[in-house]
*Asks:* 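First the structure, which I've put down as structure tokens, then a few questions once you've had a look.
Since this is a predicted model, take the numbers as computed values, not measurements.
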Amino acid sequence: MVATGPTHAMSGLLAWSAVTALATDHSIGQLNPRAWAVGAVLATGAALLPDLDHPGSTVSRTFGSISQGFSSGMNALSHGVYRLTRTKRDSNRDGGHRGLTHTLVFAVIASVITTAVVQTSQKWALPVLMFLFAGLAVRGILHKWHPRNDALMITLTSAGLTALCLLWTDQSSSANAAACGIAVGIGCIAHYIGDAITEQGCPMLWPIPIGGKTWFPIAPPKLLRMRTGGKVEMALIGPAITVLSIWLSLAALQQAGAIPALWGFTFLP
């Protein structure tokens, strides 16, 4: 079982806003408001990206048959890698879900590819990436939004969000390709942490052998794990993540100069 889509999506935004708000001495904490907004969209969408290894997941239907076909391919690749790298101590299961895309190796690969793509072409690469990750973000947050025509509605909404964000973004200056890559990596890692605190855990440290297993499911003690869609997630974890993500987003935007300090109030000291 995995954390629900809204929890994953908001955790990606929370992780991005926390890093950018707190890393004041690093370039990632000194982005302009436009670059921060682009990263926020990428991180929120990337927090759903790992679940594309499961053709039956909600996120695999984001763009209809196109994303479902991609999801089937990712599932087959993940299954193959699992079978090739598992040890005798690893379970003899279909390794499609919570396999390759749920590892830090995948997060690094996704970050590097994102950075390289944005560096390759500013005119088409960034809009395409924004559209794709905006779709994942919308699907995650509104996963039961429009059950009959959801793929079409999500596609249109993603296109609208991308257009609005890029209209606000200063196209005369180059996008921060490294920040885009970091945002995607942060979103993926937020997903892993969310899965790790569920009942099944997450093999994020593959291929490092732990306890004789290369696919060891990282997880806290059972007492600290939550059931997907249960009362703990829906009444406590989900709302807390949402509140924190909004607060830290405002703090990061204030730090970037998009929000003035009203009456001497700042979101972070």
*Asks:* Quick one: do Leu104 and Trp206 satisfy side-chain contact (heavy atoms from CB on, under 4.5 Å)? Show the steps, please.
*Replies:* CA-CA 7 Å; Leu104 292 176; Trp206 174 87; over 6 Å; no
*Asks:* Measuring from Ile210:CD1 to Arg89:CZ, what's the distance to the nearest 0.5 Å?
*Replies:* 13.0 Å
*Asks:* Pro209 versus Thr87: any side-chain heavy-atom pair under 4.5 Å?
*Replies:* no
*Asks:* Closer than 3.5 angstrom, by distance alone: can the side chain of Asp53 be matched with the main-chain N or O of Leu100 as a donor-acceptor pair?
*Replies:* no
*Asks:* According to side chain to side chain contact (heavy atoms under 4.5 Å, CB included), who are the partners of Ile193, at least two apart in sequence or on a separate chain?
*Replies:* Ile189
*Asks:* Determine, using the 4.5 Å side-chain heavy-atom cutoff (strictly less than), whether Val112 and Ile182 are members of one ILVMFWY cluster.
*Replies:* no
*Asks:* Quick one: are Thr85 and Pro207 in side-chain contact, heavy atoms under 4.5 Å?
*Replies:* no
*Asks:* To the nearest 0.5 Å, how far apart are SG in Cys202 and CD1 in Ile218?
*Replies:* 8.5 Å
*Asks:* Quick check against the 3.5 Å criterion: does Arg98 have a side-chain atom that pairs as donor or acceptor with the backbone of Gly201?
*Replies:* yes
*Asks:* For residues His26 and Thr20, determine if any side-chain heavy atom of one lies less than 4.5 Å from a side-chain heavy atom of the other.
*Replies:* no
*Asks:* Do the ring centers of Phe106 and Tyr192 come within less than 6.0 Å of each other?
*Replies:* no
*Asks:* Is any side-chain heavy atom of Ser91 less than 4.5 Å from a side-chain heavy atom of Tyr82?
*Replies:* yes
*Asks:* How far apart are the C-alpha atoms of Thr44 and Trp16, what are their side-chain angles, what is the distance that settles it, and do they pass the side-chain contact (heavy atoms from CB on, under 4.5 Å) test?
*Replies:* CA-CA 8 Å; Thr44 305; Trp16 172 250; over 6 Å; no
*Asks:* Tell me, with the steps shown, if Phe216 and Leu205 meet side-chain contact (heavy atoms from CB on, under 4.5 Å).
*Replies:* CA-CA 8 Å; Phe216 184 86; Leu205 295 183; over 6 Å; no
*Asks:* Using 30° and 60° as the class limits, which term best fits the ring planes of His8 and His191: parallel, tilted or perpendicular?
*Replies:* parallel
*Asks:* Look at atom CD1 of Ile66 and say whether more than 12 heavy atoms of other residues, nucleotides or ligands are closer to it than 6.0 Å.
*Replies:* no
*Asks:* For Ser72, give me all partners under side chain to side chain contact (heavy atoms under 4.5 Å, CB included), at least two apart in sequence or on another chain.
*Replies:* Pro55
*Asks:* Going by atom types alone, do Arg34 and Asn176 pair a side-chain donor with an acceptor below 3.5 Å?
*Replies:* no
*Asks:* So which of Thr242, Leu248, Leu244 actually passes side chain to side chain contact (heavy atoms under 4.5 Å, CB included) with Ile246?
*Replies:* Thr242
*Asks:* Can you name the nearest heavy-atom pair linking Ala183 to Leu42, along with the distance?
*Replies:* CB-CB, 4.1 Å
*Asks:* Got a second to check how far Leu13's CG is from Ser245's OG, nearest 0.5 Å?
*Replies:* 4.5 Å
*Asks:* Could you walk me through whether Gln200 and Asp195 satisfy the side-chain contact (heavy atoms from CB on, under 4.5 Å) test, starting with their C-alpha distance in whole Å, then the side-chain angles of each, then the deciding distance to 0.1 Å, before giving a yes or no?
*Replies:* CA-CA 8 Å; Gln200 189 178 343; Asp195 277 0; over 6 Å; no
*Asks:* Would you say the side chain of Val138 lies within less than 4.5 Å of the side chain of Thr62, judging by non-hydrogen atoms?
*Replies:* no
*Asks:* Rounded to the nearest 0.5 Å, what's the gap from CE on Met74 to OG on Ser67? Could you check?
*Replies:* 13.0 Å
*Asks:* Applying the side chain to side chain contact (heavy atoms under 4.5 Å, CB included) test to Cys180, which of Leu126, Val41, Leu129, Thr115 qualifies?
*Replies:* Leu126
*Asks:* Are Leu77 and Ile113 connected, step by step, through hydrophobic side chains (Ile, Leu, Val, Met, Phe, Trp, Tyr) whose heavy atoms are closer than 4.5 Å?
*Replies:* yes
*Asks:* Could you tell me whether the side chains of Thr214 and Asp90 share a donor-acceptor contact shorter than 3.5 Å?
*Replies:* yes
*Asks:* At their closest point, which heavy atom of Gln255 faces which heavy atom of Thr24, and how far apart are they?
*Replies:* OE1-CG2, 3.0 Å
*Asks:* Give a yes or no on whether Val105 and Val108 share a hydrophobic cluster (residues Ile, Leu, Val, Met, Phe, Trp, Tyr; joining criterion: side-chain heavy atoms under 4.5 Å apart).
*Replies:* no
*Asks:* Compare every heavy atom of Thr103 with every heavy atom of Pro203, then report the nearest pair and how far apart it is.
*Replies:* O-CG2, 3.5 Å
*Asks:* What closest approach, in Å, do Phe133 and Leu49 show between heavy atoms, and which atom pair accounts for it?
*Replies:* CE2-CD2, 4.2 Å
*Asks:* CD1 of Ile208 to CH2 of Trp215: how many Å apart, nearest 0.5 Å?
*Replies:* 12.5 Å
*Asks:* To check you understand the geometry: which heavy-atom pair defines the closest contact between Gly99 and Ser78, and what is its length?
*Replies:* CA-OG, 3.3 Å
*Asks:* Return the OG to CH2 distance between Ser249 and Trp36, rounded to the nearest 0.5 Å.
*Replies:* 3.5 Å
*Asks:* Which heavy atom of His102 sits nearest a heavy atom of Pro50, and at what distance?
*Replies:* CE1-O, 3.2 Å
